[in-house]
Peer 1: 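Before I ask anything, here is the structure I am working with.
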Amino acid sequence: MDRFAVFGNPIAHSLSPLLHNYAIKFLELDAYYGRVLLQRGEELRAKFEALRLAGANVTVPFKLDAFKACDILSEAAQKIGSVNTLVLKSGALHGFNTDAQGFFCAILDFGEIRSALILGAGGTTRAIGYALGKNGVKFDILNRSAKDFDFGCEEFFTYENFRSKDYDLIVNATGAGLKDDALPAPKGVIDEILSRAKFAFDAIYGKQTPFLQAARAKNLPVKDGKEMLINQGALAFNLFFSGKFDLAEIVSLMSRASNLR
Ligand code: NDP
């Protein structure tokens, strides 16, 4: 039996076991996908090996530890600087980042996007920025604090020096609204950027965040992070099983599974 798991802390809420086990069962594979509550990121590789896993997903706050634990990194993982998917191949630990492509798949049906503003400057912003840049979308970043990191953006703003523009897409990649009712930037700024935008995307899923509510109030087409989650999961699944399944079928199976909860 091939064993897989998701590592994180906290991990009880993770939808990944449900999504992966549903696809495993439907495809009648001899495999199982569990969850591991990790205390320290440095223990990730030892735990992966002790559990004799064939592959794993890694979530908050261990994506940088996963990056450091790998022998071989995909181009995306290298550029983004974080890993959310681990695969063991011939004794070597390979690291991938499927958040980036997962995000881009989720925004494809919005329509044409040439410019974007990402709110936040953490790991998710790096993945989303990588995906936008690779697909020819110019983007700026607005974060509450200054950062010393090259995100590949056109301009990096904090609230103090922000100048609003006409962005096609506004992305919330902060944790604002996840466990509270906060907007990801001051209300005046949010109102201004959404008034001039065409689409809004929130990486947070399963919740009507204040950001999504504000975008809906402006009649913008909106999406939360559920499709991003499903797409990153399906892409990881295909990496676990050497790409032998149709990605669209895995996406459809995982979408069905996500509605079971
Ligand atoms: P990080 O902790 O790496 O970064 C968080 C960023 O958000 C930082 O830039 C931080 O600012 C900013 N921030 C946090 N709280 C607030 C606030 N109240 N107001 C304004 N800015 C704030 O987090 P991640 O990048 O890992 O995750 C970001 C979000 O993306 C999370 O909500 C997570 O759930 C979601 N996510 C969704 C995925 C999906 O598949 N749908 C996949 C991965 C993540 P500062 O730099 O000043 O601290």
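Along the sequence shown, residues carry numbers from 1. Predicted model only: the values in this text are computed from it and were never measured.
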Peer 1: May I ask you to test the K226-I204 pair for a side-chain heavy-atom distance under 4.5 Å?
Peer 2: no
Peer 1: With distance as the sole test, does N9 use its side chain to make a donor-acceptor pair with the main-chain N or O of L38 at under 3.5 Å?
Peer 2: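 Such a contact is found between N9 side chain and L38 backbone.
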Peer 1: Roughly how far, to the nearest 0.5 Å, is CD of E160 from CZ of R144?
Peer 2: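 Rounded to the nearest 0.5 Å, the CZ-CD separation comes to 12.5 Å.
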Peer 1: Would you kindly confirm whether M228 and I113 end up in one hydrophobic cluster when ILVMFWY residues are joined by side chain heavy atoms under 4.5 Å apart?
Peer 2: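 Shared cluster, yes.
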Peer 1: Heavy atoms only: give me the nearest A100-A131 pair and the separation to one decimal.
Peer 2: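 Closest heavy-atom pair between A100 and A131: O-CB, 3.3 Å.
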Peer 1: Please examine the side chains of L119 and I170, heavy atoms only from C-beta on, and report whether any two atoms are closer than 4.5 Å.
Peer 2: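 Sidechains of L119 and I170: in contact.
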Peer 1: Without swapping roles, check the side chain of D140 against the backbone of E155 for a donor-acceptor pair under 3.5 Å.
Peer 2: yes
Peer 1: Does M254 form a side-chain contact (heavy atoms from CB on, under 4.5 Å) with S252? I'd like the steps, not just the answer.
Peer 2: CA-CA 5 Å; M254 289 190 170; S252 151; over 6 Å; no
Peer 1: Determine whether R45 and L93 satisfy the following criterion, side-chain contact (heavy atoms from CB on, under 4.5 Å), listing intermediate values before the conclusion.
Peer 2: CA-CA 9 Å; R45 183 155 184 165; L93 196 57; 3.9 Å; yes
Peer 1: Taking the ring centre of each residue, are F199 and F201 less than 6.0 Å apart?
Peer 2: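 No, the ring of F199 stays outside the 6.0 Å limit from the ring of F201, centre to centre.
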Peer 1: Could you see if V83 belongs to whatever hydrophobic cluster contains I11? Use Ile, Leu, Val, Met, Phe, Trp, Tyr and a side-chain cutoff under 4.5 Å.
Peer 2: no
Peer 1: Stepwise, does the side chain to side chain donor-acceptor pair (under 3.5 Å) test hold for Y33 with N57?
Peer 2: CA-CA 10 Å; Y33 188 110; N57 287 118; 2.7 Å; yes
Peer 1: Short question: side chain of N143, backbone of A121 - any donor-acceptor pair under 3.5 Å?
Peer 2: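 Such a contact is found between N143 side chain and A121 backbone.
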Peer 1: For residues F67 and L53: do they belong to one hydrophobic cluster (side chain heavy atoms under 4.5 Å, members Ile, Leu, Val, Met, Phe, Trp, Tyr)?
Peer 2: yes
Peer 1: Keeping Q213 on the side-chain end and Q208 on the backbone end, is there a donor-acceptor pair under 3.5 Å?
Peer 2: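 Flag set: sc Q213 to bb Q208 pair under 3.5 Å.
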Peer 1: Answer whether the closest heavy-atom distance between the side chains of E249 and L27 falls below 4.5 Å.
Peer 2: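 E249 reaches L27 side chain to side chain.
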Peer 1: Quick one, L86 and C70 - any side-chain contact, counting heavy atoms below 4.5 Å?
Peer 2: yes
Peer 1: Answer yes or no: are there more than 12 heavy-atom neighbours, outside K218 itself, under 6.0 Å from its atom NZ?
Peer 2: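 More than 12 within 6.0 Å, yes.
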Peer 1: Do the rings of F96 and H94 sit parallel, tilted or perpendicular, given the 30° and 60° boundaries?
Peer 2: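 Ring orientation, 0 to 90° scale: parallel.
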Peer 1: Show me the pairs that pass salt bridge (charged side-chain N to carboxylate O under 4.0 Å, His left out) and involve residues 72-85, at least two apart or across chains.
Peer 2: E75-K79
Peer 1: With rounding to the nearest 0.5 angstrom, report the CG to CD1 distance, N231 to I250.
Peer 2: 12.0 Å
Peer 1: Would I118 and L142 count as a side-chain contact (heavy atoms from CB on, under 4.5 Å) if you check the C-alpha gap in whole Å, the side-chain angles of each, and the deciding distance to 0.1 Å?
Peer 2: CA-CA 6 Å; I118 312 176; L142 172 60; over 6 Å; no
Peer 1: State, yes or no, whether a side-chain contact exists between L212 and D224 at a heavy-atom distance under 4.5 Å.
Peer 2: yes
Peer 1: Quick one: do D109 and K223 make a salt bridge, cutoff under 4.0 Å?
Peer 2: yes
Peer 1: Could you tell me if the side chain of V189 sits less than 4.5 Å from the side chain of Y159, heavy atoms only?
Peer 2: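 The answer is no; the side chains never approach within 4.5 Å.
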Peer 1: Going through the checks in order, is the side-chain contact (heavy atoms from CB on, under 4.5 Å) test met by E227 and Y205?
Peer 2: CA-CA 9 Å; E227 279 184 40; Y205 57 87; over 6 Å; no
Peer 1: In sequence, state the C-alpha distance, the side-chain angles, and the governing distance for N84 and T98, and then conclude on side chain to side chain donor-acceptor pair (under 3.5 Å).
Peer 2: CA-CA 7 Å; N84 77 331; T98 66; 3.1 Å; yes
Peer 1: Closest approach of F241 and F245, non-hydrogen atoms and distance?
Peer 2: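 So the minimum-distance heavy-atom pair works out to CB-CE1, 3.7 Å.
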Peer 1: Hey, is the main chain of D191 close enough, under 3.5 Å, to the side chain of S195 for a donor-acceptor pair?
Peer 2: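 Here the side-chain-to-backbone pair exists.
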Peer 1: Under 3.5 Å, side chain of S242 to main-chain N/O of K244, donor-acceptor pair present?
Peer 2: no
Peer 1: Output the distance between atom OG (S74) and atom CD (Q101), rounded to the nearest 0.5 Å.
Peer 2: 10.5 Å
Peer 1: Answer yes when D99 and K63 have at least one side-chain N-carboxylate O distance shorter than 4.0 Å, and no when they do not.
Peer 2: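 Looking at D99 and K63, the cut-off is met.
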Peer 1: Taking S258 for the side chain and S255 for the main chain, is one N or O donor matched with an acceptor at less than 3.5 Å?
Peer 2: yes
Peer 1: Counting only N and O atoms by type, is there a donor-acceptor contact under 3.5 Å from the side chain of N135 to the main-chain atoms of L132?
Peer 2: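 Absent.
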Peer 1: Can you check whether Y32 and F4 have ring centres sitting under 6.0 Å from each other?
Peer 2: no
Peer 1: Decide yes or no on side chain to side chain donor-acceptor pair (under 3.5 Å) for S82 and N97, but give the supporting numbers first.
Peer 2: CA-CA 7 Å; S82 82; N97 187 307; 3.2 Å; yes
Peer 1: Any side-chain heavy-atom pair from T85 and V58 closer than 4.5 angstrom?
Peer 2: no
Peer 1: How long is the straight-line distance from NZ of K89 back to CG of D71, given to the nearest 0.5 Å?
Peer 2: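 The CG atom of D71 sits 12.0 Å away from the NZ atom of K89.
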Peer 1: Classify the ring geometry of F162 against Y167: parallel below 30°, tilted from 30° to 60°, perpendicular beyond 60°.
Peer 2: parallel
Peer 1: For residues A215 and L194, report the shortest heavy-atom separation together with the two atoms involved.
Peer 2: N-CD1, 3.6 Å
Peer 1: Quick one: closest heavy-atom pair of H20 and F240, and the distance?
Peer 2: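 Taking every non-hydrogen atom into account, CE1-CE1, 3.7 Å.
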Peer 1: Could you state whether L19 and L29 fall into the same hydrophobic cluster, counting links through intermediate Ile, Leu, Val, Met, Phe, Trp or Tyr residues with side-chain heavy atoms under 4.5 angstrom apart?
Peer 2: yes
Peer 1: Within this structure, what is the CZ-CD1 distance for the pair F103 and I128, rounded to the nearest 0.5 Å?
Peer 2: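 The CZ atom of F103 sits 5.0 Å away from the CD1 atom of I128.
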Peer 1: Looking only at atom types and distance, does a side-chain atom of E49 sit under 3.5 Å from a main-chain N or O of A46, one as donor and one as acceptor?
Peer 2: no
Peer 1: Hey, does the side chain of R126 reach the backbone of I80 with a donor-acceptor pair shorter than 3.5 angstrom?
Peer 2: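 Yes; at least one donor-acceptor contact below 3.5 Å.
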Peer 1: Cation-pi check, R35 to F7: give yes when NZ or CZ is under 6.0 Å from the six-membered ring centre and within 45° of the ring axis, no otherwise.
Peer 2: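 No, cation not above the ring by the 6.0 Å, 45° rule.
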Peer 1: As an exercise, state the distance from NZ of K134 to CZ of F104, rounded to the nearest 0.5 Å.
Peer 2: 11.0 Å
Peer 1: If you compare all heavy atoms of A5 against all heavy atoms of V36, which two are closest, and at what distance to 0.1 Å?
Peer 2: CB-CG2, 3.9 Å
Peer 1: Quick check: closest heavy atoms across I230 and V251, and the distance to 0.1 Å?
Peer 2: CG2-O, 3.7 Å
Peer 1: Do D168 and R114 sit within salt-bridge range, that is, some charged N less than 4.0 Å from a carboxylate O?
Peer 2: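 Answer for the salt bridge query: no.
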Peer 1: I'd like to know if L229 and L253 are part of one continuous hydrophobic network [Ile/Leu/Val/Met/Phe/Trp/Tyr, side-chain heavy atoms within less than 4.5 Å].
Peer 2: yes
Peer 1: Please indicate whether K25 has more than 12 foreign heavy atoms, meaning atoms of other residues, nucleotides or ligands, lying under 6.0 Å from its NZ.
Peer 2: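 No, not enclosed.
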Peer 1: Does some side-chain heavy atom of V6 sit less than 4.5 Å from a side-chain heavy atom of T59?
Peer 2: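 Side chain of T59 against side chain of V6, heavy atoms only: contact under 4.5 Å found.
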